[in-house]
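Below you'll find the structure, written out as structure tokens, and then a few comments.
Lettering of chains follows the sequences in order, A, B, ..., and the numbering in each one begins at 1.
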2 protein chains.
Amino acid sequence: MTIGRALDTDPIEEARRQWVAHGWGEAADGMAAVTSIARAHQIVLQRIDTVLRPLDLTFARYEILTLLSFTRQGSLPMTKMGALLQVHPTSVTSAVDRLEGQGLVERLPHPSDRRAVLASITSEGRARALAATHALNGQVFEQLGITEHQISQLRTVLRALRANAGDF
Amino acid sequence: MTIGRALDTDPIEEARRQWVAHGWGEAADGMAAVTSIARAHQIVLQRIDTVLRPLDLTFARYEILTLLSFTRQGSLPMTKMGALLQVHPTSVTSAVDRLEGQGLVERLPHPSDRRAVLASITSEGRARALAATHALNGQVFEQLGITEHQISQLRTVLRALRANAGDF
DNA sequence: GCCAAGAACATTGATATCCTAATATCTGTC
DNA sequence: GACAGATATTAGGATATCAATGTTCTTGGC
């Protein structure tokens, strides 16, 4: 389950020291920041997967289910979901394939655009999404192990990074 | 190349509002933080992949190559690399498979432990790692689009999260 | 000291995801 | 009516995880 045993020193700080020692000091902090993001992503995703496994969901499928549950009609065009969740169209297709096979979502023809496909959440899908949200709230989102102030800082800094990348 | 068109509102803030509206205010900030990490990871990884593609490397393989180049002998046991890079043994195996096929790394028997395998960087591997590092430093790590102070905050907060997860 | 039981190391196979590239269909405009 | 653009899908390559396997090492009872 756990990937690596606890190390005596922070491996990212160690890499940063190597950067400085090689004369790449200008990039050292940025390298450490990027590596930290990658590792943090791995950590939280592992926790999420552990919580969602009993519910037969992955994070990608959970996001789609929850997004649909927030809409009035309970349905959205595939492209629209990809734009809101910022994932590739192919990822939406395969995730909806899976959700449809589980009976949590169904594909409907778009009423006015014959190219488009609507993904529509089923009542079973709604129930599953709600159960998953409660589990994730209690076991992951409220248990990050950092202070509220740090969570706030994290959101602010990453919002700047996302805005700079052209997200919104 | 780009995944989604620029949106008028931050989708993560939008999700956070939904959380509050549903009475899940306790978990809203944590949810927003986790989602921000996931999106930030996607953004930086995409940039890294773009820079590394002409060099025929991925980030996973680049990390292994760079780690090996930092050692005295230029070689490490597979397990040791997995521990330092915090990835699964299977990931190390498949990455070294590819690097070996590219002639950037070779497998050697461990001198004292017949179970273990040493991955050893070749001179071509060293050259490739150096070129990749220069490209990443200039085009990614020094161009994150956030201030030095924000980079520092990010490192501090994520170090706390990683420490809490038992990384070191 | 010897040997059996358990642990560690690396690999393979299976499954899921994301990304790229290419394709078929449909829309809307010039 | 032709043609560029949008929509969704398929196919292929890469990575990560889990589960299971075959070796080899290490340790603890005797």
Side-chain angles (χ1 to χ4, degrees), chain A residues 1-5 38-39 41-50 52-54 56-64 76-83 85-102 105 107-119, chain B residues 1-5 38-39 41-64 76-83 85-102 105 107-119:
Chain A
M1 173 73 79
T2 313
I3 280 181
R5 279 293 150 253
R39 177 57 182 152
H41 176 251
Q42 192 180 24
I43 289 170
V44 297
L45 202 60
Q46 175 143 5
R47 289 188 194 168
I48 288 170
D49 282 342
T50 300
L52 291 184
R53 184 182 314 275
D56 223 348
L57 287 178
T58 63
F59 192 48
R61 279 178 272 155
Y62 165 74
E63 279 189 299
I64 286 180
L76 282 174
M78 306 284 277
T79 303
K80 181 83 176 178
M81 291 197 294
L85 298 176
Q86 301 174 293
V87 296
H88 265 79
T90 53
S91 302
V92 177
T93 294
S94 72
V96 168
D97 280 351
R98 198 103 186 124
L99 288 168
E100 196 172 24
Q102 292 178 285
V105 152
R107 279 183 165 89
L108 301 176
H110 191 288
S112 61
D113 187 340
R114 277 189 295 175
R115 293 171 302 182
V117 172
L118 291 182
Chain B
M1 174 73 77
T2 312
I3 280 179
R5 196 64 64 226
R39 177 58 183 152
H41 176 252
Q42 192 179 24
I43 288 170
V44 297
L45 202 60
Q46 176 145 0
R47 289 187 193 169
I48 288 171
D49 282 342
T50 300
V51 171
L52 291 183
R53 174 157 320 121
L55 292 165
D56 223 345
L57 287 178
T58 62
F59 192 49
R61 278 178 274 156
Y62 165 74
E63 279 189 300
I64 287 182
L76 282 174
M78 306 284 278
T79 302
K80 181 84 176 175
M81 292 198 294
L85 297 176
Q86 301 174 295
V87 297
H88 262 80
T90 51
S91 302
V92 178
T93 294
S94 74
V96 169
D97 280 351
R98 281 182 168 64
L99 288 169
E100 197 172 24
Q102 293 178 284
V105 152
R107 280 183 165 88
L108 301 176
H110 191 288
S112 61
D113 188 340
R114 277 187 296 174
R115 293 170 304 181
V117 173
L118 291 183

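The interatomic distance linking B:L76 (CG) with C:dC9 (C1') rounds to 15 Å, in whole Å. Summarising the geometry, the separation between CG on B:L85 and C1' on D:dT15 is reported as 14 Å, rounded to the nearest angstrom. The nearest whole Å value for the distance from the CD atom in B:Q42 to the C1' atom in D:dT15 is 15 Å. Atom CG in B:L57 sits roughly 13 Å away from atom C1' in D:dA14 (whole-Å rounding). Atoms CG (B:D49) and P (C:dC18) sit 14 Å apart, rounded to a whole Å. We find that CE of A:M78 is positioned 18 Å from P of C:dT25, with the value rounded to whole Å. Rounded to an integer number of Å, the gap from CG of A:L52 to P of D:dT17 is 16 Å. Rounded to whole Å, the distance from CZ on B:R47 to P on C:dC19 is 15 Å.
Residue A:R114 has a polar side-chain atom (N or O) positioned under 4.0 Å from OP1 or OP2 of C:dT27. For the OP1/OP2 pair of D:dG13 and a distance below 4.0 Å, the side-chain nitrogens and oxygens of B:R53 include no atom meeting the criterion. Considering only side-chain N and O atoms, B:H110 lies nowhere under 4.0 angstrom from the phosphate OP1 or OP2 of C:dC9. Between A:H88 and C:dC18, a side-chain N or O to OP1/OP2 separation shorter than 4.0 Å is absent. Applying the 4.0 Å criterion to OP1 and OP2 of C:dC18, one finds that B:Q46 has every side-chain N and O outside that range. Of the side-chain N and O atoms in B:S94, none sit less than 4.0 angstrom from OP1 or OP2 of D:dT15.
Between A:L57 atom CG and A:R98 atom CZ the span is 10.5 Å, to the nearest 0.5 Å. Between atom NE2 of residue A:H88 and atom OG1 of residue A:T93 there is a gap of 11.5 Å, rounded to the nearest 0.5 Å. To the nearest 0.5 angstrom, B:I48 atom CD1 is 8.0 Å from B:H41 atom NE2. The CG atom of B:L52 sits 7.5 Å away from atom OH of B:Y62, with the distance rounded to the nearest 0.5 Å. Between B:S91 atom OG and B:M78 atom CE the span is 10.5 Å, to the nearest 0.5 Å.
Annotation: side chain of A:I64 is in contact with side chain of A:L99 (closest heavy-atom distance under 4.5 Å). B:M81 has its side chain within reach of B:V96: a pair of non-hydrogen atoms, C-beta onward, lies under 4.5 Å apart. Here the side chains of B:R61 and B:Q102 are in contact, with some heavy-atom distance below 4.5 Å.
Comparing D:dT9, C:dC18, D:dA16 by their closest approach to the side chain of A:A60 singles out C:dC18. Comparing D:dT7, D:dT9, C:dT11 by their closest approach to the side chain of B:V117 singles out C:dT11. Residue B:R115 has its side chain nearest to D:dC25 when only C:dC18, C:dT11, D:dC25 are considered. Distances from the side chain of A:D113 to the nucleotides C:dT27, C:dT17, C:dC19 place C:dT27 closest.
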N/O-N/O pairs, protein side and nucleotides 1-4 of chain D side, under 3.5 Å:
none

All N/O pairs under 3.5 Å across the protein-nucleotides 13-16 of chain C interface:
from   : atom 1 : to    : atom 2 : distance (Å)
C:dA16 : OP1    : A:R98 : NH2    : 2.3

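Summary of the strand contacts: B:V92 and A:P77 both lie near DNA chain D, and taking for each the nucleotide with the nearest heavy atom, the more 5' one is attributed to A:P77.
One finds a salt bridge joining B:R107 and B:D97 here, because a Lys/Arg side-chain nitrogen approaches an Asp/Glu carboxylate oxygen to under 4.0 Å.
Side-chain contact annotation: A:R47 with A:T50, donor-acceptor N/O pair under 3.5 Å absent.
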